[in-house]
Amino acid sequence: MKIDVLTLFPAMFGGVLSQSMIGIARKKGILDITVRNIRDHAEGRHRTVDDRPYGGGPGMILKVEPVIRAVERTQAERGGEGHVILLTPRGRRFDQAAARRLARLDHLVLVCGHYEGFDERIRIGLGPEEISIGDYVLSGGEIAAMVLIDAVTRLLPGVLGSGESLAEESFNEGALLEYPQYTRPAEFRGMRVPEILLSGHHERIEEWRRRRALERSRARRTEARDDEKT
Ligand code: ADE
């Protein structure tokens, strides 16, 4: 998969894109990511990328020309339009189903906004999908883009081992939260690992895990629904 990230803060991506799962996927050649600076496409001595809103009001607005030029340059270099995504709190909420849908695409172009908002003509000109990672306002789309890249990368074929991908499937279908996990030592400060896990009795272990996953899902998801009502 090819991913282009367009941002005013390319340095924010360094660690995230070189470490852990994303770093491995890039080394394996499964993921080809380029981070591009929107400012490189701004004109004038000061390379201005933002300006005050017409009609007045607080904050600064991301200008239309540098963003559109950055996207067009990216598309020309890649030899294709790609699926353009704008990260914005106004977008549709990102979830596991969206991650699975995007993981099937060949090329994503992620545009990170900053300041108080975008010039509306960025939306009109690009016709992007608009995605939010949750109902809260971040200071820019960069961290949202990293969240999206991480969730999509671990779904790309060849990134996870087959065992891990199966676990992913069961999460998708049953919408169950994970059961409690333990590793050595069997006791830490008086807290013992449940006997059943040390028993070697695979069927009973499976049954215990399933029950605990159900209990957790019921408790936490109900809580979440109750919060939404208040
Ligand atoms: N930019 C600012 N807040 C955001 C959010 N919640 N999701 C995506 N992009 C954003």
Side-chain angles (χ1 to χ4, degrees), residues 1-23 25-26 31-94 98-99 102 105 107-153:
M1 165 178 270
K2 301 183 285 284
I3 301 181
D4 290 282
V5 181
L6 278 50
T7 170
L8 292 168
F9 299 94
M12 284 180 73
F13 288 84
V16 169
L17 298 187
S18 63
Q19 304 289 309
S20 185
M21 194 93 71
I22 299 173
R26 294 177 79 187
L31 188 59
D32 168 3
I33 303 190
T34 304
V35 179
R36 301 164 188 267
N37 194 340
I38 293 171
R39 197 175 293 278
D40 291 345
H41 304 272
E43 284 181 332
R45 200 156 56 88
H46 298 292
R47 295 198 173 267
T48 309
V49 290
D50 61 320
D51 207 340
R52 286 165 296 149
Y54 275 120
M60 298 293 272
I61 304 296
L62 190 56
K63 285 165 70 67
V64 61
E65 309 100 304
V67 175
I68 298 284
R69 270 202 296 269
V71 171
E72 286 172 351
R73 172 73 69 83
T74 299
Q75 293 171 331
E77 277 179 25
R78 292 286 198 182
E81 290 196 355
H83 183 67
V84 181
I85 295 172
L86 210 55
L87 283 312
T88 160
R90 277 185 26 171
R92 185 127 60 91
R93 187 111 56 97
F94 188 62
L102 298 178
L105 302 179
H107 179 201
L108 305 179
V109 179
L110 308 181
V111 181
C112 306
H114 237 270
Y115 309 113
E116 294 299 311
F118 312 101
D119 186 307
E120 188 63 19
R121 291 164 294 186
I122 293 174
R123 290 191 175 88
I124 297 168
L126 297 176
E129 175 173 4
E130 296 181 44
I131 291 184
S132 161
I133 61 160
D135 291 340
Y136 38 79
V137 181
L138 302 167
S139 52
E142 283 76 14
I143 292 172
M146 294 179 210
V147 168
L148 186 154
I149 293 168
D150 190 274
V152 168
T153 298

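From Glu142, atom CD reaches atom CG of Leu8 across 7.0 Å, with rounding to the nearest 0.5 Å. A distance of 11.5 Å separates CD1 of Ile133 from OG1 of Thr88, quoted to the nearest 0.5 Å. Note that the CG atom of Leu87 and the CG atom of Leu6 stand 11.0 Å from one another [nearest 0.5 Å]. Put simply, CG on Asp135 and CZ on Arg93 are 4.0 Å apart, with the number rounded to the nearest 0.5 Å. A distance of 4.5 Å separates CD1 of Ile33 from CD1 of Ile3, quoted to the nearest 0.5 Å. Rounding to the nearest 0.5 Å places CD of Gln19 at 11.0 Å from CZ of Arg26.
Counting heavy atoms from C-beta on, the side chains of Val84 and Gln75 come closer than 4.5 Å. Looking at Glu77 and Thr34, their side chains never come closer than 4.5 Å, going by heavy atoms from C-beta outward. At a threshold of 4.5 Å between non-hydrogen side-chain atoms, the residues Leu110 and Ile149 count as touching. In this structure, Asp32 and Arg78 have side chains that are in contact, with non-hydrogen atoms separated by less than 4.5 Å. By the 4.5 Å heavy-atom criterion applied to side chains, Leu62 and His114 are not counted as neighbours. Ser139 is not listed as a side-chain neighbour of Phe9, based on a closest heavy-atom distance of 4.5 Å or more.
Nearest heavy atom pair, residue Thr153 against residue Ala25, reads CG2-CB, 3.6 Å. Contact detail for Lys63 and Ile122: the closest heavy-atom pair is O-CD1, 3.7 Å. Closest approach of Gly91 and Ser132 over heavy atoms only: O-CB, 3.6 Å. Of all non-hydrogen atoms in Leu102 and Phe94, the two that sit nearest each other are CD1-CE1, 4.1 Å. The nearest pair of heavy atoms linking Ile61 to Asp119 is CG2-N, 3.4 Å. The two residues Leu126 and Val111 come nearest to each other via the heavy atoms CD1-CG2, 4.5 Å.
Of the possible polar contacts, none joining the Arg36 side chain to the Asp4 backbone as a donor-acceptor pair under 3.5 Å is found. Of the possible polar contacts, none joining the His41 side chain to the Val67 backbone as a donor-acceptor pair under 3.5 Å is found. Ser20 places no side-chain N or O within 3.5 Å of a backbone atom of Ile22 that could act as its donor or acceptor partner. Judged by distance alone, the side chain of Arg47 and the main-chain N or O of Ala42 form a donor-acceptor pair under 3.5 Å. Side-chain atoms of Arg92 never come within 3.5 Å of backbone atoms of Glu130 as a donor-acceptor pair (strictly under, hydrogens ignored).
His107 and Glu81 share no donor-acceptor pair across their side chains, judged by distance under 3.5 Å alone.
With respect to Arg69 and Glu72, no salt bridge is recorded, no charged nitrogen being found less than 4.0 Å from a carboxylate O.
At most 12 heavy atoms of other shown residues, nucleotides or ligands fall within 6.0 angstrom of atom CZ in Arg73. Heavy atoms from other residues, nucleotides or ligands lying under 6.0 Å from CD1 of Ile143 number 12 at most.
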